[in-house]
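Note sheet for the following structure.
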Amino acid sequence: MNIDELNPDITSVAPSALRAFDHKISQDPNIVKLTLGEPDFNVPEHIKQAAIKAITDDRSHYPYYWGIQELRDAASTYYREKFGYNYTADQIVCSVGATEGLAATFKTLFKPGEGVIIPAPAYPVYKALAGVNHLKPILVDTSSSDFVLTPEEVQEAIDANPETTIKGVVITDHCNPTGVIYTEEQLHALVDVFRDNQIWIISDEIYGELLYGGAKHYSLSKWLPDQTIIVNGLSKSHAMTGWRIGFVFGPTGVIDEIAKAHQFQVTTPTSIVQYASVEALTHGQDDAEKMRVIYEKRCTYLADELTKLGFDMVKPGGAFYIFAKIPAVCQQTSVEFADELAATYHVGVMPGKPFGDDRYIRISYASSMDNIKAAVDGMRQLLQAKVNA
């Protein structure tokens, strides 16, 4: 049997370009990587001890597919206190990371052929999920509005696709790859166009606790609770990327259907991780703050240094990325720039092309200050070589 006989929904989707690029440059033993969104912090000790206790207590049997009651209760309380979410435990599904939560949500909300608006630049998984579900991804370039989706851009996308029933939109706040956050006013401005057009909002809020300058996190669920599905999790807030625990919040009825899609894909997250996550949510309310303070210092330093080198950017308000426009002196695409930077100067950054804009690179500052300074020095050398060429 050959590949042509397999499901084209899968064979037509390329593997993650981000992971492929990171793997390629990781073969260099001297590489300084500012590529993946991987916190350089370890999981807090109290969470690790809770996982150990779950093992010794034999918490190793099948949990309820929605997630254990204690975890959903804890998530309801934690996110209500943090962000003002208004969801009971019966409106929360525990997923295998935010990505699986997104997959179950896409599978449930949309019918084949319907359109989903994706503000670009965007995390590539959204477009991939649209593809495998026979949806039409409608990429909206937000570079002219400082990477914030506007109601005018939404309406223009609807008007430009009269043959497509546009059923959804993905809002990533704070944004990967740009680090941009939405103000309360910017989110509220979108309410009417989403309500009038009956558009489902998939609100990816995985970076919600990492924001700077005293800013506050808001969610469209505040105004459109019956049209909003929130996806969140502990990967970024508690440095639990490899533990794979996420949460899907949604209105009664719809969340029951998402739970079914989730169940038949993965059954349930690992039992031990769920019990450890109860500890994270009940006694780890301040875990993210310790990391956030350090990320903000790194962000300020990196943004200032990149500006001196001639990169243009919208300074991030959160997450741990800078999406920087490559200086004109380089005359390179993002892939060419990133390849040369890695091969010649041993510095790894992500090309902007997989995110939807080949003029930019994404730089992750979820790494040590020493690595960040070394990376800046490598970029300085590359740019100087271009000037001298």
Side-chain angles (χ1 to χ4, degrees), residues 18 21-22 25-26 28 30-41 121 123 143 146-148 174-181 207 210-215 236 239 290-355 357-389:
L18 307 184
F21 181 80
D22 180 77
I25 66 171
S26 295
D28 177 359
N30 299 314
I31 197 76
V32 175
K33 293 203 301 180
L34 304 183
T35 47
L36 298 180
E38 175 69 54
D40 63 320
F41 298 96
Y123 185 45
S143 59
D146 289 339
F147 302 125
V148 171
H174 328 319
C175 181
N176 174 9
T178 66
V180 166
I181 67 172
Y207 295 95
L210 304 178
L211 70 173
Y212 312 136
K236 315 304 182 182
K290 301 167 187 175
M291 295 182 279
R292 188 204 65 77
V293 170
I294 296 172
Y295 286 142
E296 183 168 9
K297 291 178 181 177
R298 294 174 182 173
C299 178
T300 298
Y301 170 81
L302 182 56
D304 289 346
E305 293 300 312
L306 290 173
T307 300
K308 293 175 188 176
L309 293 178
F311 288 90
D312 289 331
M313 74 204 75
V314 177
K315 186 174 179 180
F320 39 61
Y321 308 107
I322 287 179
F323 202 58
K325 191 173 185 180
I326 301 167
V329 67
C330 292
Q331 297 184 333
Q332 290 174 300
T333 67
S334 66
V335 174
E336 291 168 343
F337 180 92
D339 278 341
E340 181 177 357
L341 186 63
T344 306
Y345 301 97
H346 308 287
V347 173
V349 299
M350 277 297 179
K353 184 177 181 181
F355 300 99
D357 200 320
D358 208 14
R359 302 170 297 169
Y360 289 76
I361 54 172
R362 189 194 75 174
I363 307 168
S364 169
Y365 49 90
S367 188
S368 69
M369 187 62 84
D370 286 345
N371 281 347
I372 292 169
K373 289 179 178 179
V376 168
D377 187 58
M379 286 185 274
R380 182 182 294 110
Q381 292 180 58
L382 186 154
L383 291 168
Q384 190 59 53
K386 297 298 181 185
V387 170
N388 295 336

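Since the structure is predicted, the reported quantities are computational estimates derived from the model, not experimental observations.
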To the nearest 0.5 Å, tell me how far [X] [atom1] sits from [Y] [atom2].
X	Y	atom1	atom2	result
Leu341	Gln381	CG	CD	9.5 Å
Glu336	Ile326	CD	CD1	9.0 Å
Leu211	Ile181	CG	CD1	5.5 Å
Ile372	Cys299	CD1	SG	9.5 Å
Leu36	Ser26	CG	OG	7.5 Å

Quick test of your reading: applying salt bridge (Lys or Arg N to Asp or Glu O under 4.0 Å), list the pairs with at least one residue in residues 337-351, sequence neighbours left out, ordered by first then second residue.
Lys24-Asp339, Glu340-Lys386
Check whether [X] reaches the backbone of [Y] with its side chain - one donor and one acceptor, N or O, closer than 3.5 Å.
X	Y	value
Tyr360	Ile322	no
Arg362	Val349	no
Ser364	Gly37	no
Glu38	Ala366	no
His174	Leu210	yes

Test log, rule ring-ring contact (aromatic ring centres under 6.0 Å, His included), inputs Tyr301 and Tyr365:
CA-CA 10 Å; Tyr301 170 81; Tyr365 49 90; over 10 Å; no
Are Arg380 and Glu305 close enough for a salt bridge, meaning some N to O gap below 4.0 Å?
yes
Check the pair Thr307 / Met313 against side-chain contact (heavy atoms from CB on, under 4.5 Å), numbers first and verdict last.
CA-CA 8 Å; Thr307 300; Met313 74 204 75; 3.7 Å; yes
Applying side-chain contact (heavy atoms from CB on, under 4.5 Å), run through Lys297 and Ile294 and close with a yes or a no.
CA-CA 5 Å; Lys297 291 178 181 177; Ile294 296 172; 5.7 Å; no
Where do Phe311 and Ile361 land on the side-chain contact (heavy atoms from CB on, under 4.5 Å) test, with the steps shown first?
CA-CA 10 Å; Phe311 288 90; Ile361 54 172; 3.9 Å; yes
For the residue pair [X] and [Y], what are the closest heavy atoms and their distance?
X	Y	answer
Gly213	Glu296	N-OE2, 3.0 Å
Gly348	Ile31	N-CD1, 3.9 Å
Gly310	Pro327	O-CG, 3.6 Å
Leu306	Met379	CD2-CE, 3.9 Å
Gly378	Val347	CA-CG2, 4.1 Å

Side chains of [X] and [Y] in contact at under 4.5 Å (non-hydrogen atoms):
X	Y	value
Met350	Phe355	yes
Val329	Leu383	yes
Thr344	Leu382	no
Lys353	Thr333	no
Thr300	Asp304	yes
Thr178	Pro316	no
Val376	Leu309	yes
Asp40	Arg298	yes

Testing Phe147, Tyr207, Tyr123 for ring pair (Phe, Tyr, Trp, His ring centres under 6.0 Å) with Tyr321, which one passes?
Tyr207
Got a sec, which residues hit side chain to side chain contact (heavy atoms under 4.5 Å, CB included) with Met291, two or more places apart in sequence or on another chain?
Phe41, Ala239, Tyr295
Report the residues that fulfil side chain to side chain contact (heavy atoms under 4.5 Å, CB included) with Arg359, sequence neighbours left out, ordered by chain and then residue number.
Ser143, Lys325, Asp357
